[in-house]
Amino acid sequence: MIPYGRQHLDEIDVKAVVETLTSNWLTQGPAVPKFEEALASYCNAEFGVAVNSATSALHIACLALGVGKEDYVWTSPNSFVASSNCALYCGASVDFVDIDLQTGNMCMTALKQKLEYAQSVNKLPKVVIPVHFAGQPCDMESLHKLAKQFGFYVIEDASHAVGAKYKDDFIGCGKYADICVFSFHPVKIITTMEGGMALTNNKEWAEKMRMLRSHGITNNPAMMTEQSHGPWYYQQTSLGFNYRMTDVEAALGLSQLDKLEAFLEKRNALAAYYDELFSKSEGITPLKQSANSYSSYHLYVVRIDLLNSKQHAALVTNLREQGIFAHVHYIPIHMQPYYKNLGFKVGDFPNAEKYYQQAVTLPLFPELKFEEAELIVNSVKAAARI
Ligand SMILES: *Cc1c(COP(=O)(O)O)cnc(C)c1O
C-alpha cells in the first residue's frame, strides 16, 4: 500500500537518536534548547518553545495570550480538530470562518464580513487561528490588516507548513502573526515522532509557554514571586502541564531539520509533476496555488467533480483497493458529533462542506517515486470516470 504521507529517516537520524539515548540526558537536557534555537533561527523568529505535540503548543499558545472563559476563538473548519479544541481547553467559545473553495484556506472576505457582524454584536474574537492548509500559506497580509483593525491576536496553525514561505518570509517569522505552531508528527514535513513547537518574537509569551509546558514551574529566581529557599528550590506560579519534548525527540528534530530543504524540494517537484499530469483532466482540479508563496506541500489534494458523497467514498475505496492509500482532508470540524453537540450544524459553512465532498488527498512524501505518481494519476483518472 502506498501511504498518503510517510516520514523519511536515514542513518544520520538513527545515529542522532542513539547518541542522545546513550547520553546523560534523555529529557530536559541540551538537545531541546538546541532544536528550539535552530528552528527559530531558520524561520527568523526570536524564540522557540518545543513541546510534545502541536496540540499542546496550540493550547499553551492560547493560554499565553490570555484566552479564557469569556473569549471567542475563530479558526478554519477545514482542519484537524486540534485547531479548535485548543480554545475549548481554555474554556473559550469556538467559531469558524468558511474557506475559499480553490485553496482550502480561510477566506479573508468571509472573515471580514464575520468580523464586521461580530463587532456590531460585541462578540469579536480574541484570537483567530488560520491554518496553512496542505502547506500553502494563508493570505497573511490581509489577515494582519484585519487583526490590527479589529484588535485580535493571530496564532498560525502551521502544522503543515514548516519551511513554507509567504512572500519572502518563512512561516513562523512573526511578521504577520503573534505565535506560530508547527507539528512534527511522522506524516508532517519533519518529524520528532510526536512533537511540536511554538515560535514567537514576544519574550513574555515565550516565557509563559516555557512555564506552562512544565507544570507552571520555574527554577529561575528572576521569575519567582517569593524568595528562593536555596539551590534546590523551584516555584509553581501557575497551573501548567507536562507538555515537554524529550531530548531524544529534539535530537531527531535537529537532524531532520538538516534535510528540510531537500524534503521540500522533492515535495514541490512531485506536486508539479502531479499538476502537469492532471492539467488536461476535466473535472479534476488541484488546489490553486498563490504565486507569491512557497508551499511546503504537506498534502497533495485534488478536487474531483462528483455527484454525491457515495461516489466520493466509492472513489477513495477503489483507490485503496488498488494499493493507493488515498485520504480526505478534512471532515469539516463543525460536522463532528462533539461540535454538533455544541450547536453547530450541517449547512453552517457551505464551502467547507462542498469542498469536503470533492477532496481527495493523494500520496505525497519524499520517498515517493515519479513513476508511482504517474500510476496514481492514471488510477485516479480511471476511478473518476466510473
Ligand atoms: C497534525 C495537526 C495538528 C496536531 O498536531 P499534533 O502534533 O499531532 O498534535 C494540528 N493542526 C493541524 C492542522 C494538523 O494537521
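In listed order, ligands and their atoms are each counted from 1.
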Review point. Going through the distances and angles, do K259 and D10 end up as a salt bridge (Lys or Arg N to Asp or Glu O under 4.0 Å)?
Key: CA-CA 10 Å; K259 291 179 271 279; D10 61 19; 3.1 Å; yes

Does a salt bridge link [X] with [Y], judged by any charged N lying under 4.0 Å from a carboxylate O?
X	Y	answer
K114	D98	no
E141	K145	no
E204	K208	no
E36	R213	yes

Point to revise | Lys NZ or Arg CZ of K123 over Y72 ring: under 6.0 Å, within 45° | key: no

Point to revise | 4.0 Å heavy-atom contact, G196 with ligand 1 | key: no

Practice item. May I ask whether G195 has any heavy atom positioned less than 4.0 angstrom from an atom of ligand 1? Key: yes

Revision key, fill the gap. Quick note on ligand 1: atoms under 4.0 Å from a heavy atom of S79 include exactly 13 (C)

Practice item. Pull out every atom of ligand 1 sitting under 4.0 Å from any heavy atom of A82, numbered as shown with elements. Key: 10 (C)

Check your understanding: Backbone or side chain, does any N or O of Y330 fall under 3.5 Å from an N or O of ligand 1?
Key -> yes

Heavy-atom distances under 4.0 Å decide this one: backbone, side chain, both or neither, for [X] against ligand 1?
X	value
S53	both
F182	neither
A54	both

Point to revise | Top protein contact for atom 3 (C) of ligand 1, by heavy-atom distance | key: S159 OG, 3.5 Å

Practice item. Could you check atom 9 (O) of ligand 1 against the protein and tell me its nearest heavy-atom contact, residue, atom and distance included? Key: T55 OG1, 2.5 Å

Exercise for review: Give a yes or no on whether the backbone of L375 and the side-chain of N378 come within a donor-acceptor separation of less than 3.5 Å.
Suggested key: no

**Study point:** Sidechain-backbone polar pair: D13 side chain, K15 backbone, donor-acceptor under 3.5 Å
**Key:** no

Practice item. Return the option from T191, D157, V131, N78 holding the heavy atom at the smallest distance from atom 11 (N) of ligand 1. Key: D157

Check your understanding: Between the candidates K188, M197, H160, which shows the shortest non-hydrogen contact distance to atom 1 (C) of ligand 1?
Key -> K188

